[in-house]
Amino acid sequence: MADAKELSKTIIKSHRNFDLHATLFSGQSFRWSQKENFSGYYSTVIDNKIFLLRSIDSTTFEIFSQSKEAFCLQISDFFRWYFAFDIDENSIFSSDFQRDYPELWRMVKPYRSVRVMRQEPFEIMVTFMCAQGIGMHLIRRQVSMIAERYGQKIVLETPEGEMVFYGFPTPSALASADPSELALCTNNNRIRAANIIAMARSFESGKLALACVGSGECDLETLRETLCVHSGIGLKIADCIALFGLGRFDAFPIDTHVKQYLWEWFGIEEARRSLTEKNYRILQEKARAILGTECAGYAGHILFHCWRKEVKKMKAF
DNA sequence: ATCCAGGTTCAGG
DNA sequence: CCTGAACATGGA
């Protein structure tokens with residue numbers, strides 16, 4: 001890879017069967033990419049610091065970061081948390097599930113190397129507010145445009161030249177954004193832009209931020225209520241925020257894909273009808289009866305990814 | 001051309 | 001409590 005002197009290296013052994021590529025591009029994160037100068041490396045900016053990741057083998061990966069050597073231990077700890085290595089993927093699908101759905105289990109098994117990540121709450125809120133009834137390609141484009149316009153520009157010097165990255169915008173940067181300017185980044189959807197600004201203001205005021213701090217202990221229903229107060233956040237997006245941004249692996253978002261596999265794989269009749277709030281809750285209950293309560297969302301994401309790859313034959317993440 | 005893509009909200013029966 | 005429309009764009 002390109003040699004950048006300001007970067008220091010950390011090696012992490014995950015002790016887990018870990019598919020870095022599938023994890024980063026399974027649709028839970030839209031902020032990772034591969035740049036030309038760093039072939040084989042995935043890069044992103046977290047907390048305005050650049051990180052480059054590459055997998056060495058199925059359990060080991062290396063990280064290049066802008067931190068000093070002394071902070072490598074913290075980096076190691078951070079990524080263990082970020083990729084949720086405390087969660088044992090072998091405990092996600094119960095033995096009952098494995099017995100009741102043998103063919104499905106055979107297909108899903110390899111996809112347990114997809115980790116569900118603990119990402120920044122605010123970033124996840126904005127990201128999934130951009131994810132309404134459009135494809136992932138467009139979601140990714142919106143998120144990068146938002147970062148390029150409102151995030152901090154970060155330049156990395158390499159022998160091959162400068163490389164430009166953008167941090168994710170702070171709540172205050174989006175809170176003070178001009179609606180029609182932000183709409184240029186939200187697929188020209190002015191309602192969405194206005195919703196994001198209002199949410200950012202709520203976050204900045206401390207109301208939403210505080211709810212995130214206590215999100216670990218609070219029950220899911222209360223958490224959803226706090227999130228759904230905001231225009232543009234319904235049940236599904238609230239569940240995505242809980243799952244991907246607040247480490248609530250019990251949250252089970254139901255989108256068009258999940259709805260499809262709930263019918264095709266589990267024969268749940270309600271999954272053929274439209275996703276009204278009432279039906280959404282019924283479907284969640286039935287899904288939890290199959291996948292368990294603790295890690296329903298974690299399992300759901302693995303099924304989601306498996307469905308898109310194996311059944312829908314989607315190439316692009 | 002038509003339908004679908006990680007939905008939500010609002011009006012009307 | 002239900003459906004349909006509006007919001008917007010791009011890929012298959």
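Letters go in sequence order (proteins before strands), and every chain restarts at 1.
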Contact class for R192(A) (heavy atom, under 4.0 Å): base, sugar-phosphate, or nothing? nothing
Base, sugar-phosphate alone, or nothing: which one does I237(A) contact when heavy atoms must sit under 4.0 Å apart? sugar-phosphate
Heavy atom of residues 117-133 of chain A under 4.0 Å from DNA chain C: which residues? G133(A)
Can you list the steps and then say if V311(A) with Y261(A) is a side-chain contact (heavy atoms from CB on, under 4.5 Å)? CA-CA 9 Å; V311(A) 181; Y261(A) 79 58; over 6 Å; no
Nearest-Å distance, CG (N188(A)) to P (dT9(C))? 4 Å
Taking any heavy-atom pair under 4.0 Å as a contact, classify Y280(A): base, sugar-phosphate, or nothing. nothing
With respect to the phosphate group of dC1(C), does any side-chain polar atom (N or O) of T276(A) fall under 4.0 Å of OP1 or OP2? no
Taking any heavy-atom pair under 4.0 Å as a contact, classify K313(A): base, sugar-phosphate, or nothing. nothing
Side-chain donor or acceptor of Q132(A) paired with backbone N/O of I237(A) under 3.5 Å: no
Considering every strand and a 4.0 Å limit on heavy-atom distances, what is the contact class for G27(A): base, sugar-phosphate, or nothing? base
On the ring face of F304(A), is K309(A) found with NZ or CZ under 6.0 Å from the centre and within 45° of the axis? no
State whether R149(A) and E181(A) are salt-bridged, where the test is any N-O pair (Lys NZ or Arg NE/NH1/NH2 against Asp/Glu carboxylate O) under 4.0 Å. yes
Taking the six-membered ring for Trp, are F244(A) and F128(A) parallel (under 30°), tilted (30 to 60°) or perpendicular (over 60°)? parallel
Over how many whole Å does the gap from K312(A) atom NZ to dG6(B) atom C1' extend? 11 Å
Identify whether any heavy atom of E277(A) sits under 4.0 Å from a base atom; if not, whether one sits that close to sugar-phosphate; answer base, sugar-phosphate or nothing. nothing
Heavy-atom contacts under 4.0 Å between residues 260-274 of chain A and DNA chain B, which residues? Q260(A)
Residue-level proximity of residues 291-308 of chain A to DNA chain B when a heavy atom falls under 4.0 Å: H301(A), F304(A), R308(A)
Tell me whether the centres of the aromatic rings in W105(A) and F93(A) are closer together than 6.0 Å. yes
Using whole Å, report how far CG of L227(A) lies from P of dT8(B). 12 Å
Could you pick out which residue, V258(A) or H230(A), lies toward the 5' side of DNA chain B when each is mapped onto its nearest nucleotide? V258(A)
Rounded to the nearest angstrom, tell me the gap between atom CE in M136(A) and atom P in dA12(C). 15 Å
In terms of the angle between their ring planes, are F78(A) and F51(A) parallel, tilted or perpendicular, with boundaries placed at 30° and 60°? parallel
Between Y42(A) and H21(A) (judged by ring centroids, cut-off 6.0 Å), do the two rings come close enough to count as a pair? yes
dG6(B) OP1/OP2 closer than 4.0 Å to side-chain N/O of H257(A): yes
May I ask you to decide if the ring planes of Y101(A) and F266(A) are parallel, tilted or perpendicular, using 30° and 60° as cut-offs? perpendicular
What integer number of Å spans the P atoms of dG6(B) and dA5(C)? 23 Å
Is there a side-chain polar atom (N or O) of T256(A) under 4.0 Å from OP1 or OP2 of dG6(B)? no
Over how many whole Å does the gap from M314(A) atom CE to dA5(B) atom P extend? 7 Å
Tell me which of S231(A) and I134(A) sits closer to the 5' end of DNA chain B, going by the nucleotide each one is nearest to. I134(A)
Plane angle bin for H301(A) and H305(A) - parallel if under 30°, tilted between 30 and 60°, otherwise perpendicular: parallel
Out of dG6(B), dA8(C), dC2(C), which has the shortest distance to the side chain of R190(A)? dA8(C)
Starting at atom CG of L138(A), determine the distance to atom C1' of dG7(B), rounded to an integer number of angstrom. 14 Å
Read 5' to 3' with Watson-Crick or G-U pairs under 3.5 Å, [ ] for crossing pairs and | for partners on another strand, DNA chain B gives .||||.|||||||
Charged N to carboxylate O under 4.0 angstrom, R99(A) versus D96(A)? yes
If you measure from the Lys or Arg side-chain nitrogens to the Asp or Glu carboxylate oxygens, is any gap between D86(A) and R118(A) under 4.0 Å? yes
Grab the CD1-P distance between I241(A) and dG6(B) for me, whole Å please. 18 Å
dG7(B) P sits how many Å from N187(A) CG, rounded? 13 Å
Contact class for T186(A) (heavy atom, under 4.0 Å): base, sugar-phosphate, or nothing? nothing
Compile the donor-acceptor pairs under 3.5 Å between side chains in residues 194-201 of chain A and protein atoms, sequence neighbours left out, one pair per line.
residue : atom : partner : partner atom : Å
N195(A) : OD1  : S231(A) : OG           : 3.1
N195(A) : ND2  : I191(A) : O            : 3.4
R201(A) : NE   : A175(A) : O            : 2.9
R201(A) : NH2  : A175(A) : O            : 3.1

Does L235(A) reach a base, just sugar-phosphate, or nothing at all? Heavy atoms under 4.0 Å. sugar-phosphate
Selection residues 242-257 of chain A - residue pairs positive for side chain to side chain donor-acceptor pair (under 3.5 Å), sequence neighbours left out: R248(A)-D250(A), T256(A)-Q260(A), H257(A)-R308(A)
Using the ring of each side chain (for Trp, its six-membered ring), is F168(A) parallel, tilted or perpendicular to F122(A), with breaks at 30° and 60°? perpendicular
Below 4.0 angstrom, N of the basic side chain to O of the carboxylate: do R281(A) and E221(A) qualify? yes
